[in-house]
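Given the structure is predicted, the values throughout are model-derived calculations rather than measurements. Proteins come first, then strands; the chains are lettered A, B, ... in the order of their sequence lines, and each starts at number 1. Atoms considered below: every heavy atom in the structure, side chains included; atoms not considered: hydrogens, waters and symmetry mates.
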Amino acid sequence: MPVRVRFAPSPTGLLHVGALRTALYNFLMANRDGGQNILRIEDTDRTRYNPESEAEFISTLKWIGIEFHEGPHVGGPKAPYRQSERKEAGIYEPYWRQLLAVGKAYRAFETPQELDEMRQFQQINKMPTGYFGGEWRDASPEKVAEAEAAGKPSVIRLKIPRGEKIVIDDVVRGRLEWDSDTVDDPVLIKADGMPTYHFAAMVDDHLMEITHVLRGEEWVSSAPKHKVLFDAFGWTPPVWVHCPVIVGNDGKKLSKRHGATRVLDYGAMGILREPLKNFVALIGWAPGNDQEVMTQEELIHAFSIDRLQASPGRFDLDKLRWMNGVAIRALSPEDLWDTVSAYLADPWTKKYWSTPDPEPIPGAPDHAVVLAELETLQKAMTDQPDLARKALLLEQERVLTLAEFGAACSFFFGEEVKFEEKAVQKWFGEAHAGKMFSDFQAELSGRSEVSVEDCERMVKGWAELNGFEKLGPVVHPTRVALTGKTVGPGLFELMSALGPHEMSRRLSAAKELLRA
RNA sequence: GCUCCGGUCGUCUAGCGGUUUAGGACGUCGCCCUUUCACGGCGAAGAUCGCGGGUUCGAAUCCCGUCCGGAGUACCA
């Protein structure tokens with residue numbers, strides 16, 4: 001039987017990392033076994049509904065490469081795929097009527113205030129909290145009819161059997177067992193007629209013929225209720241797979257401090273989708289061999305739910321950055337160019353960097369500075385594509401994110417070199433610097449381009465002629481003159497990329513600084 | 001409080017009763033390469049497998065207890 005899985009988010013907020021992983025595991029599983037991946041929108045809570053949420057889920061997932069065979073945006077044989085629409089279509093009603101008719105569910109007429117008081121009482125008396133029957137679970141039909149006739153609002157609750165063991169088999173945790181007396185009667189239908197998650201999701205999972213439910217660990221405590229519901233209908237439950245939570249590197253709930261919670265922001269930070277996927281898949285799952293860097297195809301092939309971890313996983317931004325660097329370095333020159341230009345053209349990139357960091361991480365570059373550098377790079381890629389191409393290639397192995405290309409390449413394009421004070425102090429004190437710069441200028445004059453080899457010959461020749469055994473005192477001042485920095489690509493490559501004219505211009509400026 | 005779940009280097013993990021002096025990766029540190037940084041190569045430190053008992057000739061691996069951490073405890077999902 002082919003696998004049918006579903007990713008069923010509630011459209012209340014943004015797509016965060018934990019949800020991404022669940023979506024990814026669903027996707028990997030479906031694609032490995034030639035099954036179907038279904039998107040279902042669980043919008044039964046009208047008070048928390050966020051109209052932008054669904055679009056964000058779909059577009060983010062699409063960006064990362066997760067597609068669905070069925071869903072509200074693509075349709076499918078089990079449409080509609082939004083629970084609010086399914087409710088309107090009357091899909092749920094026959095099912096709760098059936099439960100009511102056979103006495104496996106009942107109407108309860110407590111007001112929210114009454115329930116509140118009940119909970120307080122339970123807490124004070126150190127009793128388990130929850131609705132274990134109240135006065136309605138076993139109320140006579142006459143009493144219920146009377147309350148209904150009086151127009152009292154009511155909910156429909158599931159009648160959890162008492163004095164039994166409820167057992168479910170979870171792929172990740174094995175056999176899970178509850179004493180049914182500790183499980184309270186959940187609301188199936190709210191007073192406004194909307195189904196709750198417990199009801200809608202189970203009915204839909206059955207109707208949509210879902211074979212495996214991969215969901216977050218926050219659902220394990222509701223699992224017995226879901227099992228009872230499947231039993232009440234006489235349906236075979238799907239295989240439940242409860243994935244552990246993802247926490248920050250300090251063990252706390254994931255927040256901005258740990259990188260970002262919103263998946264889209266990782267793209268804006270210059271994280272490529274392949275390493276992001278690769279990294280997220282590896283929190284809580286490992287293929288069992290030593291392979292870590294994997295393509296999507298390899299992930300699909302290697303993925304298996306019985307290798308899922310039961311313990312919570314931490315999100316290690318450093319490792320993500322490393323993986324991202326590996327991916328950037330693996331890009332061909334053409335792909336590198338395309339990837340960077342797409343990144344710079346993405347409106348989300350600009351939006352992200354134009355917003356000041358609400359919680360600045362010490363040592364991290366200022367958003368405004370990054371934005372300016374990225375804009376400079378983007379401009380250069382259209383105005384001076386040859387130079388920009390060389391700059392990108394020279395910095396490729398030095399950056400960990402796409403955003404870092406901005407700072408790394410900036411010295412190639414500026415009208416004026418921005419000198420780092422430390423660099424100037426360290427290398428412009430050398431007495432020979434001025435003469436050396438002039439000599440280079442003389443040698444460069446009249447030429448329109450120089451090869452890397454020419455530059456090497458020129459610099460090494462000058463060193464030999466002037467009695468320098470080590471290249472350092474020659475190379476470093478020149479680097480500072482040309483880039484303003486002490487770090488960067490190989491000097492000869494960088495010189496050749498800049499070209500004779502630009503080099504000469506910068507050497508003149510450096511000589512001015514020397515005199516001052 | 002109650003219910004359930006989890007616990008191997010700082011982090012992600014391998015391990016499924018003996019081949020384990022517990023392996024790999026990130027991070028850290030050192031060396032090499034080298035004009036710097038990075039890349040790459042080599043190497044080091046780092047986990048008595050939360051703790052305590054048992055079972056066994058033998059346990060990270062099985063059992064019990066204990067501690068710590070997490071999730072749930074809504075007419076939210």
Side-chain angles (χ1 to χ4, degrees), chain A residues 8-13 42-45 47-48 108 110-112 115-116 119 122-131 153-157 170 172-174 176-179 182-184 186-194 196-198 200-201 215-224 242 244-245 247 249-251 253 279 282-293 309-323 325-326 329 395-400 408 423 427 456 459-460 463 470-476 478-480 483 485-492:
Chain A
S10 178
T12 53
E42 312 238 319
D43 55 350
T44 54
D45 185 352
T47 59
R48 295 202 313 155
E110 284 90 352
T111 63
L115 291 174
D116 230 40
R119 262 189 299 276
Q122 289 167 330
Q123 225 138 36
I124 289 166
N125 293 287
K126 305 190 175 190
M127 296 158 71
T129 53
Y131 190 91
S154 67
V155 299
I156 297 172
R157 287 183 186 269
D170 178 81
V172 179
R173 283 150 230 275
L176 263 24
E177 197 178 289
W178 286 264
D179 180 341
T182 66
V183 179
D184 70 330
V187 170
L188 264 19
I189 304 295
K190 309 178 213 176
D192 66 0
M194 274 301 230
T196 60
Y197 171 89
H198 301 305
R215 62 190 349 185
E217 124 178 84
E218 67 270 21
W219 291 111
V220 307
S221 21
S222 317
H242 291 103
V245 291
V247 295
N249 54 193
D250 52 4
K253 196 164 170 256
F279 174 73
L282 255 22
I283 308 176
W285 173 81
N289 53 31
D290 285 338
Q291 196 180 9
E292 287 205 310
V293 177
Q309 204 77 16
S311 53
R314 296 188 187 212
F315 187 90
D316 183 4
L317 225 208
D318 278 335
K319 189 152 185 176
L320 207 211
R321 287 166 55 79
W322 166 77
M323 249 182 200
V326 171
R329 270 174 258 133
E395 296 292 354
Q396 183 174 16
E397 66 186 29
R398 254 164 282 269
V399 302
L400 259 24
W427 294 109
E456 181 166 358
V459 172
K460 286 188 171 166
K470 295 219 167 181
L471 237 35
V474 177
V475 163
H476 298 313
T478 311
R479 171 189 301 285
V480 175
T483 71
K485 307 194 292 181
T486 55
V487 303
L491 181 66
F492 312 134

- Identify whether any heavy atom of F315(A) sits under 4.0 Å from a base atom; if not, whether one sits that close to sugar-phosphate; answer base, sugar-phosphate or nothing. nothing

- Item | Nearest-angstrom distance, C1' atom, U61(B) to U56(B) | 13 Å

- Query: Nearest nucleotide by nearest heavy atom, which residue falls closer to the 5' end of RNA chain B, D179(A) or A191(A)?
  - Reply: D179(A)

- Message: Please tell me if S222(A) has a side-chain N or O lying less than 4.0 Å from either OP1 or OP2 of A77(B).
- Response: no

- Message: Checking base pairs now: Watson-Crick or wobble, both atom distances under 3.5 Å. What partners A59(B)?
- Response: none

- Query: Could you give the CH2-to-P distance, from W285(A) to G15(B), as a whole number of Å?
  - Reply: 12 Å

- Message: Taking the C1' atom in each of G30(B) and C62(B), what is the distance between them to the nearest angstrom?
- Response: 43 Å

- Task: Evaluate side chain to side chain contact (heavy atoms under 4.5 Å, CB included) for W427(A) paired with R479(A), printing each intermediate quantity in order.
- Result: CA-CA 9 Å; W427(A) 294 109; R479(A) 171 189 301 285; over 6 Å; no

- Would you kindly give the CD-to-P distance between E177(A) and C5(B), to the nearest whole Å? 9 Å

- Query: Is there a donor on the side chain of R314(A) or the base of U11(B) sitting less than 3.5 Å from an acceptor on the other?
  - Reply: no

- Message: Looking at V245(A), is its backbone amide N or carbonyl O close enough to the side chain of E217(A) to form a donor-acceptor pair, meaning the two atoms are under 3.5 Å apart?
- Response: yes

- Task: Could you tell me whether a side-chain N or O of N125(A) sits under 3.5 Å from a main-chain N or O of M127(A), the two making a donor and an acceptor?
- Result: no

- Message: Does a side-chain N or O of R119(A) approach OP1 or OP2 of A74(B) to a distance below 4.0 Å, or not?
- Response: yes

- Message: If I pick the P atom on A45(B) and the same atom on A59(B), what distance separates them, to the nearest angstrom?
- Response: 26 Å

- Message: Whole angstroms only, please: what is the CG-P distance between N289(A) and G24(B)?
- Response: 14 Å

- Where the side chain of S311(A) is defined as all heavy atoms beyond and including C-beta, which of U3(B), A25(B), G7(B) is the nearest nucleotide? G7(B)

- Watson-Crick or G-U wobble partner of U73(B), both distances under 3.5 Å: G1(B)

- Task: Respond yes when some side-chain nitrogen or oxygen of R157(A) is under 4.0 Å from OP1 or OP2 of C75(B), and no when none is.
- Result: yes

- Separation between the C1' atoms of U66(B) and U21(B), rounded to whole Å: 31 Å

- Message: Whole angstroms only, please: what is the CG-C1' distance between D316(A) and U11(B)?
- Response: 5 Å

- Query: L188(A) has an atom CG; how far is it from atom P of A74(B), in whole Å?
  - Reply: 16 Å

- Item | P atoms of A38(B) and C31(B), separation to the nearest Å | 13 Å

- Short side-chain N/O contact from K190(A) to OP1 or OP2 of C76(B), under 4.0 Å: yes

- Query: Who pairs with D316(A) by side chain to side chain donor-acceptor pair (under 3.5 Å), at least two apart in sequence or on another chain?
  - Reply: none

- What is the pairing partner of G43(B), taking Watson-Crick or G-U wobble pairs with both distances under 3.5 Å in any strand? C29(B)

- Message: Does A38(B) have OP1 or OP2 under 4.0 Å away from a side-chain N or O of Q396(A)?
- Response: no

- Provide the distance between the two C1' atoms, one in U28(B) and one in G10(B), to the nearest whole Å. 9 Å

- Message: Does A77(B) have OP1 or OP2 under 4.0 Å away from a side-chain N or O of R215(A)?
- Response: no

- Span that lies between the C1' atom of A60(B) and that of C51(B), in whole angstrom: 14 Å

- Query: With sequence neighbours left out, what residues match K485(A) under side chain to side chain donor-acceptor pair (under 3.5 Å)?
  - Reply: none

- Euclidean distance for P, G7(B) against C64(B) (whole angstrom): 15 Å

